[in-house]
Amino acid sequence: MSPFTRSRQLSDPTEGGTEPDDDTAAKDPAGERAEAEKPEAEPDTGAETEPDTAPHAAADTAVDAGQDTAPDPDTAPGPGSDGPPGALKPGWFGWRRRYPRAARGVSVGTTVLAGALVLFALLVPNQVEKIEFASFVRIPAEGVLLAGLLLALPPKARRITAVVMGAFLGLVTILKFVDMGFYQILARPFDLVLDWILIENGTDFLRETFGRTGQVLAVTGVIVLFVAVLVLTTLSMVRLTKLMVRHRPVAARTTLILGTAWITCMTLGLQIGTVPIATKGNAEFLGNRVDQVRAGLKDARVFEKQAAVDAFAKTPPDQLLTGLRGKDVLFTFIESYGRVAIDDPAMAQQTDAVLKEGTGRLKAAGFESRSGWLQSPVTGAGSWLAHSTFLSGLWIKNQQRYRNLTTSDRMTLTNYFGKTGAWRTVGIVPGVRRAWPEGKYFGLDHIYDSEHLGYHGPYFSWTPVPDQFSMEAFQRLEHGKKDREPIMAEIILASSHNPWSPIARMIDWDDLGDGSVFHRIKKEGTNPTEVWKDPEKVRTEYRRAIEYSIRSLTEWVERYGDEDTVLVFLGDHQPVPTVTAGDTGKDVPITIVAKDKKVLDRVAGWNWTDGLKPAANAPRWGMDKFRDRFMTAYGPQG
């Protein structure tokens with residue numbers, strides 16, 4: 001009879017024994033011999049036992065919790081541990097001794113939660129759309145290999161590996177969470193080399209949209225979540241490792257069975273729906289990240305070579321843009337105006353009506369228009385990357401390229417207009433609310449930000465100035481002046497910026513005043529907190545915002561345009577995936593409007609569609625191709 005069996009018989013009335021009192025247990029010679037001969041046992045993880053004057057409590061707790069008395073050298077108590085080897089350790093204020101069954105429940109529950117957390121970390125995808133039940137009933141190759149490794153390692157190495165791998169798994173899980181956020185906004189994963197600057201931009205957006213309190217709460221919540229994930233995955237990995245070691249034979253057999261099942265499922269290609277049962281998703285995830293980091297580190301050298309090539313760098317100023325001399329040229333970006341606004345069945349009818357109405361009204365005023373498609377380097381956000389791509393003729397797909405561009409001597413479209421000396425170059429940038437040193441790079445003679453447009457109305461969530469007021473301010477500050485020189489303007493319309501709630505509406509141009517009228521209009525609008533609870537409401541508000549921006553622009557041309565007005569307007573990028581319904585396309589519409597027929601004749605070879613709406617099969621270029629094609633069309637040989 002083993003010492004443990006004897007202890008059980010003496011302590012458990014259900015086994016036919018009588019419960020000894022403390023004195024009897026202490027004087028039992030057989031018990032002393034058994035205790036002396038008993039090997040050191042590993043304490044239970046999460047429900048460590050404590051020395052108890054009642055051996056039956058220790059035995060009951062050990063048996064009920066399913067503990068194995070087999071010793072393990074890397075978990076056995078050593079010098080300085082509480083109590084004799086194998087004894088029950090005191091819990092918080094001795095609660096485990098007083099409530100052994102509750103302690104058992106906590107131990108089992110904690111172990112189950114630890115296993116669930118580790119399994120979740122191993123299997124969770126990095127995109128919200130891919131999270132489904134089948135994602136969590138797969139066999140992860142990384143988990144099987146890690147279990148085998150931990151069982152094979154010696155005690156000290158096992159402990160270190162469990163801690164390191166738990167922390168590493170937590171970091172991978174955090175990276176997956178960050179990816180989820182980036183996919184929801186930018187429809188791409190987080191770039192470990194190039195995207196850190198966007199975190200600051202994201203916190204700024206939170207402050208500007210939801211206020212300082214909303215920003216602090218959101219940032220604090222994210223930090224707490226990330227720290228909790230890192231700590232809990234580490235503790236869970238350590239706990240499961242100790243459990244496997246205590247039940248080594250069972251753990252070894254289970255690992256072997258799972259490994260065999262993984263190989264079988266992978267070989268046969270078995271799936272649950274469209275989800276493979278056998279997965280090596282984390283290995284592929286990390287492999288892609290390594291490739292991404294390498295590409296990011298090389299990107300600066302690649303971009304430097306591309307930026308050195310400029311077909312117009314040596315062209316004399318008097319040979320630049322000769323086909324537009326004497327014209328007012330307006331390059332206007334409509335925030336988030338993407339192809340989805342035109343093609344999506346849920347929006348197409350209303351957007352089409354607005355574009356047809358605008359085409360008709362402009363034609364009645366003597367204007368013609370041509371439209372096509374451009375592919376933006378970004379989607380969801382990152383407007384400044386699209387703007388600089390359009391103006392520089394280089395593919396500015398990340399912040400590193402943007403910084404390198406704005407500190408270089410690369411000439412942009414606006415720089416070339418200024419180089420001719422034939423235009424005054426200005427910027428209408430209502431979205432700029434603080435210092436913008438990059439503005440000097442684009443060669444603009446004067447920049448009007450949100451503080452210099454004369455607006456005294458309210459913000460509409462992120463949007464500082466409604467588009468209709470921005471266009472009227474441009475008329476008042478620049479275009480409407482008498483005896484002026486031709487203007488080249490870069491205008492950025494921001495009313496269609498996320499979160500699209502509340503949004504302004506068109507009013508009589510004569511009633512705009514200083515913008516105070518918009519206080520009443522804002523109160524009539526929707527609440528972004530309520531809108532963003534329903535994706536369909538978000539899509540509706542997005543469409544309404546695009547319609548407002550288009551009307552603001554076309555009505556301005558109809559009201560103030562003349563024979564010398566040339567308008568080029570385009571979207572900077574597609575909206576967030578909530579609006580695009582998962583479509584990752586990056587196409588945006590672009591339109592040229594002019595009254596002078598000669599202006600549009602120069603781009604006849606582009607085969608763009610008549611009107612403000614590009615046909616589905618209209619030509620589609622990369623946004624970086626526009627600068628050189630535009631300058632060629634309006635140069636001496638155009």
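Since we're looking at a predicted model, the values are computed, not measured.
The closest donor-acceptor contact from the side chain of K305 to the backbone of R301 lies at 3.5 Å or more, if one exists at all. T609 contributes a side-chain N or O that, together with a main-chain N or O of A615, makes up a donor-acceptor pair within less than 3.5 Å. No donor-acceptor pair closer than 3.5 Å links the side chain of W462 to the backbone N or O of P499. Between the side chain of K522 and the backbone N or O of Y459, at least one donor-acceptor pair lies under 3.5 Å. Remark: side-chain polar atoms of T220 are not paired, donor with acceptor, to backbone N or O of L217 under 3.5 angstrom. Judged by distance alone, with hydrogens and angles left aside, the side-chain atoms of S376 form a donor-acceptor pair with the main-chain N or O of D572 at under 3.5 Å. Panel note: side chain T584, backbone A187; no donor-acceptor pair is recorded below 3.5 Å. Looking only at distances, a side-chain donor or acceptor of R476 sits under 3.5 Å from a matching main-chain atom of L453. Under the 3.5 Å distance criterion, the side-chain polar atoms of T322 are left unmatched by any main-chain donor or acceptor of Q319.
Between E490 and I428, the closest side-chain pair of non-hydrogen atoms is not below 4.5 Å. Q574 places none of its side-chain heavy atoms less than 4.5 Å from the side chain of V579. W373 places a side-chain heavy atom less than 4.5 Å from the side chain of I342. When side chains are defined from C-beta on, R539 counts as touching M347, because their heavy atoms get closer than 4.5 Å. Y337 places a side-chain heavy atom less than 4.5 Å from the side chain of I550. In this structure, F331 and I491 have side chains that are not in contact, with every pair of non-hydrogen atoms separated by 4.5 Å or more. For the pair D583 and V340, the minimum side-chain heavy-atom distance is 4.5 Å or more. For the pair Y634/V599, a side-chain contact is recorded, criterion being any heavy-atom separation below 4.5 Å from C-beta on.
Contact record, R410 with N415: O-OD1, 3.8 Å, taken as the closest heavy-atom pair. Looking at every heavy atom in both residues, A594 comes nearest to V566 through CB-CG2, 4.4 Å. Pairing each heavy atom of M488 with each of T414, the nearest pair is CE-CG2, 3.4 Å. Here the closest heavy-atom approach between residue G366 and residue K595 is recorded as O-CG, 3.3 Å. Looking at every heavy atom in both residues, W500 comes nearest to A545 through CD1-CB, 3.9 Å. The heavy-atom pair separating S371 from P614 by the smallest distance is CB-N, 3.6 Å.
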### Task
Begin with the C-alpha distance, continue with both residues' side-chain angles, and end with the deciding distance and a verdict on side chain to side chain contact (heavy atoms under 4.5 Å, CB included) for L413 and F630.
CA-CA 9 Å; L413 196 53; F630 183 86; 4.1 Å; yes

### Query
Is there a ring pair (Phe, Tyr, Trp, His ring centres under 6.0 Å) between F333 and H387 once you walk through the steps?
CA-CA 8 Å; F333 295 91; H387 301 169; 4.2 Å; yes

### Task
Tell me, with the steps shown, if L374 and D587 meet side chain to side chain contact (heavy atoms under 4.5 Å, CB included).
CA-CA 6 Å; L374 296 181; D587 290 356; over 6 Å; no

### Task
Begin with the C-alpha distance, continue with both residues' side-chain angles, and end with the deciding distance and a verdict on side chain to side chain contact (heavy atoms under 4.5 Å, CB included) for T565 and H479.
CA-CA 10 Å; T565 301; H479 189 265; 4.1 Å; yes

### Task
Could you give me the CA-CA distance, side-chain angles and deciding distance for D564 and R325, then say whether salt bridge (charged side-chain N to carboxylate O under 4.0 Å, His left out) is met?
CA-CA 9 Å; D564 292 326; R325 298 298 173 102; over 6 Å; no

### Task
Start with the C-alpha distance between D596 and R602, add both sets of side-chain angles, then the distance that settles salt bridge (charged side-chain N to carboxylate O under 4.0 Å, His left out), and finish with yes or no.
CA-CA 11 Å; D596 187 347; R602 283 182 173 255; over 6 Å; no

#### Entry: Trace of the side chain to side chain contact (heavy atoms under 4.5 Å, CB included) decision for D191 with N398
CA-CA 9 Å; D191 191 312; N398 56 54; 5.7 Å; no

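In the displayed structure, D409 atom CG is contacted under 6.0 Å by at most 12 heavy atoms of other residues, nucleotides or ligands.
Contact check on E558 versus R361 returns a salt bridge, with a Lys/Arg side-chain nitrogen under 4.0 Å from an Asp/Glu carboxylate oxygen. Under 4.0 Å is where a charged nitrogen must lie from a carboxylate oxygen, and between E563 and K327 no such pair does. R289 and D179 are joined by a salt bridge, as a carboxylate oxygen and a charged side-chain nitrogen come within less than 4.0 angstrom of each other. The pair R627-D310 meets the salt-bridge criterion, with a side-chain N (NZ, NE, NH1 or NH2) lying under 4.0 Å from an Asp/Glu carboxylate O. Salt bridge absent: R294 and D299 never bring a charged side-chain N and a carboxylate O closer than 4.0 Å. The pair E357-R551 counts as a salt bridge, with a side-chain nitrogen and a carboxylate oxygen less than 4.0 angstrom apart. Contact check on E478 versus R424 returns a salt bridge, with a Lys/Arg side-chain nitrogen under 4.0 Å from an Asp/Glu carboxylate oxygen. Salt-bridge formation is not detected for the pair R370/D601: no Lys NZ or Arg NE/NH1/NH2 atom is positioned less than 4.0 Å from an Asp or Glu carboxylate oxygen.
Considering CG of L391 and OH of Y416, their distance stands at 13.0 Å, rounded to 0.5 Å. The CG atom of D343 sits 12.5 Å away from atom OG1 of T580, with the distance rounded to the nearest 0.5 Å. We find the OH-CD distance between Y560 and E555 to be 11.0 Å, quoted to the nearest 0.5 Å. Note that OG of S496 is 10.5 Å distant from OH of Y548, once rounded to the nearest 0.5 Å. Annotation: the span from R339 atom CZ to T379 atom OG1 amounts to 13.5 Å, rounded to 0.5 Å. To the nearest 0.5 Å, the span separating CZ on F390 from NZ on K625 amounts to 14.5 Å.
Using modelled atom types and a 3.5 Å distance limit, the side chains of T389 and D624 yield no donor-acceptor pair. A donor-acceptor contact closer than 3.5 angstrom is absent between the side chains of T591 and S369. For the residue pair D445 / T425, a side-chain donor-acceptor distance below 3.5 Å is found, with atom types taken as modelled. A donor-acceptor contact under 3.5 angstrom links the side chains of T526 and E541, judged on distance only. Checked by atom type, the side-chain pair E472/W556 shows no donor-acceptor distance below 3.5 Å. Side chains of Q400 and R403: no donor on one and acceptor on the other come within 3.5 Å. A side-chain N or O of D467 and one of S495 form a donor-acceptor pair less than 3.5 Å apart. E335 and H573 share a donor-acceptor pair across their side chains, judged by distance under 3.5 Å alone.
In this structure, W608 has its ring center closer than 6.0 angstrom to the ring center of W621. Between Y455 and Y448, the distance separating the two ring centers is not shorter than 6.0 angstrom. Under the 6.0 Å cut-off for aromatic ring centres, F190 and W196 qualify, their centroids lying closer than that. With ring centers used as reference points, F303 lies 6.0 Å or more from W395.
Geometrically, R629 does not engage W606 in a cation-pi contact defined by less than 6.0 Å to the ring centre and at most 45° from the axis.
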